[in-house]
Novice: 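Sharing a structure below in structure tokens format, with a few things to ask.
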Protein chains: 2
Amino acid sequence: MTLASVSLIGSFRQHYEEVRQAAAIFTAAGITVRSPPMSRIVDPRQEFVRFESDSTLESDHAIQAATLAKIFSSDFVYVVNPNGYIGRTTAYELGRIHERGMAVYYAEPPKDLLVDVPDGTVVSAHELVAALVGGGTSSVRRPRVAALPTADVVIFTIRTQRLHVLLIKRGTEPYLRKLALPGGFLRPGESLEDTASRELGEETGLDASRIPLRQLHTYSRPERDPRGRVVTTAFLAIVPNLPEVVGGTDAYRADWVEVEPSLLQGHDRLAFDHDVILELALEHTRRLLEHTTIATGFCDRRFTIRELRQVYEAVWGTSLSPQNFHRKVVQTRGFVVDTGKKETTKPGRPAALYRPGKARTLYPPMLRSKGEVKDENVLRSRGSEDR
Amino acid sequence: MTLASVSLIGSFRQHYEEVRQAAAIFTAAGITVRSPPMSRIVDPRQEFVRFESDSTLESDHAIQAATLAKIFSSDFVYVVNPNGYIGRTTAYELGRIHERGMAVYYAEPPKDLLVDVPDGTVVSAHELVAALVGGGTSSVRRPRVAALPTADVVIFTIRTQRLHVLLIKRGTEPYLRKLALPGGFLRPGESLEDTASRELGEETGLDASRIPLRQLHTYSRPERDPRGRVVTTAFLAIVPNLPEVVGGTDAYRADWVEVEPSLLQGHDRLAFDHDVILELALEHTRRLLEHTTIATGFCDRRFTIRELRQVYEAVWGTSLSPQNFHRKVVQTRGFVVDTGKKETTKPGRPAALYRPGKARTLYPPMLRSKGEVKDENVLRSRGSEDR
DNA sequence: AGAATAGTGTCTATGAGACAGTATATG
DNA sequence: CATATACTGTCTCATAGACACTATTCT
């Protein structure tokens, strides 16, 4: 694949001709120049140069913000700095670009500014194009792209015998007022597991250290988040039925939503690619019920076999024979342990109360019937979801 | 909570006295001044000021990096800019600080630099201290951390009836001359799947678009790579026995290595956390053989049932009954398709040649015997591997 | 013919699924 | 008592595993 886009930064007022030439070289190589827009300069006396195509924007601040947005949306940055000159505005932009971890190349070694200039990043536009297009073993450093890692958590529970997922209603753009999975950005010193655990605790009020979190999949399509390069790792958590709603601030409301097809398709689908994440989480959970004892995670500390069966029925969307299910569960060693106590409150013979056993995997597994088993998550065999 | 620490930025050379006064005001209010360290200036002629307590650091770059680290560790930043003056270095630091989303206050409105200065952020040190101690609801944006995403690929094949993995011998620090998984940094425009696919193609010479790549797990421990914040996503690829070695440049040699315990522990273990990744990939592959038709991926385009059985035996490390295996494979619909042709070259009755069928999953699955099944990869139930 | 490997027939143990039947509570 | 739910016994069928047996090649 080819590198799609570049932004040029530098003092356009002083070095407009050099900028124009560099832009021409990139354009000729098929690389889009995101910034500056190559049109006529309106007022060449300004430090921050206005271009005609910017004329709809009002203030200089808005232009600067738009320029930064263009820079951040490009794949790498080329600093046009004849004689090493870097002005204040360029220095500021460089700071923001570096903090993003974007790839930066320089026409000349920077003077009068102490920045880290790795080997192979001082290079002419011609050399850079040759290295990028040729892809050979030149000494030009290959562009790496930094991303903001996030963790999104699919939190499942069972309410009124139906599978529910915890969703938040977005209070900010993008996807304003759309439903989305709870999630957050990686913070300094955290692993993604820490991030997911923190989100889980914040959203549910549970002691997150006691809820097993399973990592599902990492989503990295370049355009999956319009704000920039955000790579998200999806986690799965299974929690028992919680007392009541989870609340949240006015800009950020969390609530349980029944898992149904409308979340995955149509106009009410989830924000970002969270519909795909939810679908994977659902299929993963179904599979986990087959091979692991995770179903007990949906239940309270003490539960009856009927409650456990209703978990399977809710997640698999099938109905199971109570008798055979009972025998299968009780016979499988380590799945459930009889507490000796009995359920009260219900008509009919009181059911025995069980607690989770020590086993984590089920052998032999709980088998779904033939038709229910779907194919694995293989990259090439899937549609356009993850490309 | 109260704001505990501040860093001051600005041209200390020109405005050292103002910086000193502001620092005294913050210190008197119980706010720690992280930067600059308030000691004697060593060389006042330098644009970037050296302080005596920095004297152990060697280069200006190192001082700059240390200064940024101190700035980032503080709770907010105060820009000392009499007459609005902001120099290049301060502009650069401001860019990095803004991109981090830190809170910034200015002594004067900035001149000659177009930055967003929200209402109420131009304030004297005295006023600022009063507002902070008064305990208003200041909304400090939470820090996010950027990372370099990488994709590492576990490429398995079978050679001489043994499971082998493709490893490279590292030609650079860190982990110089250690064995490691092939992998690379995410490049602009790529998804992690693209990155993994590119690496697979580069290392094996195969048409990577035809080899299914499975995403396994994402590793994000903050200290997993000494070079900095690198988050890696592991992929699994299964390839048939390739003609011969894969070569590579002198600094970067790739070769097939038999999978054995010495790769996972002891002094010859793999670089980084690749031992953990390899172990997960191995267990995942074993599981995949049970439920999917992936075993045919180890074989050539045409293969005998014996060859397929040897795949299972190599990966599972067991021996299987030829008769029962044969019947099981042939009876499972869509697993293999008889081509009508026969193997030649061997003594004994010639074996029928098969090609892969259309099925991706096996129902019922190929069962490993009871003792072989391990627990799932659950975060909390594992040791210190991924924390 | 004998060795070597491929493939089939058949018996047994195990477990899933169907279903009848028993146990123990409430109203 | 009827009714509702929990739990058990037993039969059938499918399949894994063991093992004897047949098939087809090479030397």
Side-chain angles (χ1 to χ4, degrees), chain A residues 161 289-291 299 302-313 316 318-355 359 361-373, chain B residues 161 289-291 299 302-313 316 318-355 359 361-373:
Chain A
Q161 301 181 30
L289 287 198
E290 294 184 85
H291 304 286
C299 301
R302 299 288 128 100
F303 53 88
T304 65
I305 301 294
R306 172 176 41 82
E307 287 164 350
L308 190 64
R309 175 166 49 82
Q310 285 166 349
V311 168
Y312 276 85
E313 291 176 335
W316 284 352
T318 57
S319 68
L320 300 169
S321 150
Q323 296 98 320
N324 292 329
F325 183 86
H326 184 282
R327 189 179 27 220
K328 169 76 184 174
V329 168
V330 171
Q331 277 179 11
T332 303
R333 296 207 332 203
F335 195 175
V336 296
V337 178
D338 196 337
T339 62
K341 300 190 176 174
K342 301 278 179 186
E343 190 185 36
T344 52
T345 69
K346 281 247 175 189
R349 176 174 169 180
L353 285 169
Y354 294 83
R355 59 177 172 80
T361 58
L362 293 176
Y363 190 91
M366 308 286 293
L367 284 181
R368 273 194 281 179
S369 50
K370 205 164 187 167
E372 307 284 341
V373 180
Chain B
Q161 300 179 30
L289 288 198
E290 295 184 84
H291 303 286
C299 301
R302 299 290 128 100
F303 53 88
T304 65
I305 301 295
R306 173 177 41 80
E307 287 165 349
L308 191 64
R309 174 166 50 82
Q310 286 168 349
V311 168
Y312 276 86
E313 290 176 337
W316 283 354
T318 57
S319 68
L320 300 169
S321 149
Q323 296 98 319
N324 291 331
F325 183 86
H326 184 281
R327 191 181 23 224
K328 169 75 185 175
V329 168
V330 171
Q331 277 178 12
T332 303
R333 296 208 330 203
F335 195 176
V336 296
V337 178
D338 195 338
T339 63
K341 299 189 176 176
K342 301 278 180 187
E343 191 185 36
T344 53
T345 68
K346 282 248 173 187
R349 176 175 169 177
L353 285 169
Y354 294 83
R355 58 178 173 80
T361 57
L362 292 177
Y363 190 90
M366 308 286 295
L367 285 180
R368 274 193 280 178
S369 50
K370 205 162 187 167
E372 307 283 344
V373 181

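A note on names: the letters A, B, ... follow the listed sequences, proteins ahead of strands, and every chain is numbered from 1. Values below: every heavy atom of this structure, side chains too, minus hydrogens, waters and symmetry copies.
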Novice: To the nearest Å, give me how far apart CD (A:Gln310) and C1' (D:dA6) are.
Specialist: 13 Å
Novice: How close or far is atom P of C:dA6 from atom CG of B:Leu308, stated in whole angstroms?
Specialist: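 Those two atoms, CG and P, are 13 Å apart.
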Novice: Roughly how many Å is it from CG in B:Asn324 to P in C:dA6, rounded to a whole number?
Specialist: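 Rounded to whole Å, this separation is 15 Å.
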Novice: Is A:Arg327 side chain donor-acceptor paired with the D:dT10 base, going by distance under 3.5 Å alone?
Specialist: yes
Novice: Taking for each residue the nucleotide of DNA chain D bearing the nearest heavy atom, is the 5' side occupied by A:Arg306 or by B:Gln331?
Specialist: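 In this pair, the answer is A:Arg306.
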Novice: Can you tell me how far C1' of C:dA6 sits from OH of B:Tyr354, to the nearest Å?
Specialist: 9 Å
Novice: Quick one: ring-ring contact (aromatic ring centres under 6.0 Å, His included) partners of B:Phe335, sequence neighbours excluded?
Specialist: none
Novice: From the set C:dG7, D:dA6, C:dA6, return the single nucleotide nearest to any side-chain atom of B:Ala352.
Specialist: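 The closest nucleotide is C:dG7.
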Novice: Just to verify, what does A:Arg355 make a side chain to side chain donor-acceptor pair (under 3.5 Å) with, not counting sequence neighbours?
Specialist: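 Counting only residues at least two positions away or on another chain, A:Arg355 forms no side chain to side chain donor-acceptor pair (under 3.5 Å).
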Novice: Scan nucleotides 20-22 of chain D against the protein and return all N/O pairs shorter than 3.5 Å with their distances rounded to 0.1 Å.
Specialist:
unit_1, atom_1, unit_2, atom_2, d
D:dA20, N6, B:Gln323, NE2, 3.3

Novice: What is the distance, to the nearest angstrom, from the CZ atom on B:Arg368 to the P atom on D:dA16?
Specialist: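 Whole-Å distance recorded here is 16 Å.
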Novice: With respect to the phosphate group of C:dG15, does any side-chain polar atom (N or O) of A:Lys328 fall under 4.0 Å of OP1 or OP2?
Specialist: no
Novice: Suppose we screen for salt bridge (charged side-chain N to carboxylate O under 4.0 Å, His left out). Which residues come up paired with B:Glu313, at least two apart in sequence or across chains?
Specialist: B:Arg309
Novice: What is the separation between atom CD on A:Glu343 and atom C1' on D:dA4, rounded to the nearest whole Å?
Specialist: 13 Å
Novice: Specify the separation, in whole Å, of atom CG of A:Leu320 and atom P of C:dA18.
Specialist: 10 Å
Novice: Round to the nearest Å and state the distance from B:His326 atom NE2 to D:dA18 atom P.
Specialist: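 Value for this atom pair: 18 Å.
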Novice: How long is the straight-line distance from CG of B:Leu289 back to CZ of B:Arg368, given to the nearest 0.5 Å?
Specialist: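 Taking CZ in B:Arg368 and CG in B:Leu289, the distance rounds to 8.0 Å.
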Novice: Compare the minimum distances between each of D:dA6, D:dA16, C:dT24 and the side chain of A:Pro350, then state the nucleotide with the smallest one.
Specialist: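 Out of D:dA6, D:dA16, C:dT24, the nucleotide with an atom closest to A:Pro350's side chain is C:dT24.
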Novice: Only counting residues at least two apart or in another chain, list the ones meeting side chain to side chain donor-acceptor pair (under 3.5 Å) with A:Arg327.
Specialist: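 With sequence neighbours excluded, A:Arg327 shows a side chain to side chain donor-acceptor pair (under 3.5 Å) to A:Asn324, given in chain and number order.
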Novice: Determine whether B:Glu290 and B:Trp316 make a side-chain contact, defined as any pair of heavy atoms from C-beta on separated by less than 4.5 Å.
Specialist: yes
Novice: Using side-chain contact (heavy atoms from CB on, under 4.5 Å) as the criterion, list what pairs up with A:Pro350, not counting sequence neighbours.
Specialist: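 Here the qualifying residues are A:Lys342.
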Novice: For B:Lys342, which contact category applies under a 4.0 Å heavy-atom criterion: base, sugar-phosphate, or nothing?
Specialist: nothing
